[in-house]
Q: 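I'd like to ask some things about the structure below.
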Amino acid sequence: MMPRYWTDPILDDILSRVRTGERIADIADEYGMSGAALRNIIYRHRGSAVREARKDMYVNMAKLWDAGWTTADIAHKYDMHPQTLAHIIARNRDLFPRKNRRRAK
């Protein structure tokens with residue numbers, strides 16, 4: 001059941017469950033709401049925590065990228081669509097340098 005107020009202990013519990021790998025949609029089902037609504041609540045109350053977690057995830061993805069993993073392999077590991085990962089790579093070229101770049105003669 002959805003709480004009347006989103007207190008710090010409730011938000012901490014949700015974020016810790018997300019960090020352990022639980023899907024937001026599954027957590028939202030317990031609260032009787034959609035995954036999008038729960039994401040909106042998390043961003044509204046704890047946007048900085050989400051940004052930091054996302055930044056850490058991008059750094060870990062970049063390490064795999066440097067190790068030679070393909071976009072499809074990384075996307076599968078992080079349970080996302082490869083096109084979503086392609087957008088992340090395009091927006092974060094400082095972390096994901098281009099592979100097989102033509103060299104200037």
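Here, residue 1 is the first one in the sequence, and each next residue gets the next number.
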Q: Mind listing the side-chain donor-acceptor pairs of residues 74-91 below 3.5 Å, one per line with the distance, residues two or more places apart or on another chain?
A:
residue	atom	partner	partner atom	Å
H81	ND1	Q83	N	3.0
Q83	NE2	H87	NE2	3.4

Q: My understanding is that only residues two or more places apart in sequence, or in another chain, count here; which of them pass salt bridge (charged side-chain N to carboxylate O under 4.0 Å, His left out) with R17?
A: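 Salt bridge (charged side-chain N to carboxylate O under 4.0 Å, His left out) list for R17, sorted by chain: D13, E22, E30.
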Q: May I ask you to test the I42-W6 pair for a side-chain heavy-atom distance under 4.5 Å?
A: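 A side-chain contact is absent here, since even the closest heavy-atom pair is not under 4.5 Å.
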Q: Using side-chain hydrogen bond (donor to acceptor under 3.5 Å, both in side chains) as the criterion, list what pairs up with D73, not counting sequence neighbours.
A: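 D73 satisfies side-chain hydrogen bond (donor to acceptor under 3.5 Å, both in side chains) with T70 once adjacent residues are dropped.
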Q: Taking only residues two or more places apart in sequence, or in another chain, which ones meet D12 in a salt bridge (charged side-chain N to carboxylate O under 4.0 Å, His left out)?
A: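 Applying salt bridge (charged side-chain N to carboxylate O under 4.0 Å, His left out) to D12 gives R46.
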Q: Does any N or O in the side chain of R23 come within less than 3.5 Å of the main-chain N or O of D26, such that one atom is a donor and the other an acceptor?
A: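 Answer holds: no.
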Q: Would you mind reporting whether M33 and I41 have side-chain heavy atoms less than 4.5 Å apart?
A: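 The answer is yes; the side chains approach within 4.5 Å.
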Q: Which atom pairs, one a donor and one an acceptor, fall under 3.5 Å between side chains of residues 61-69 and the rest of the protein, sequence neighbours left out?
A:
residue	atom	partner	partner atom	Å
W65	NE1	P97	O	2.9

Q: Transitively linked via ILVMFWY side-chain contacts under 4.5 Å: I24 with M57?
A: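 Cluster IDs for I24 and M57 differ.
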Q: Check side-chain hydrogen bond (donor to acceptor under 3.5 Å, both in side chains) between T7 and all other residues, then give those that pass, not counting sequence neighbours.
A: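 In terms of side-chain hydrogen bond (donor to acceptor under 3.5 Å, both in side chains), with neighbours along the sequence ignored, T7 is linked to no residue.
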Q: Tell me the closest heavy-atom pair linking L38 and I14, and the distance in Å.
A: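 Nearest heavy atoms, L38 then I14: CD1-CD1, 3.9 Å.
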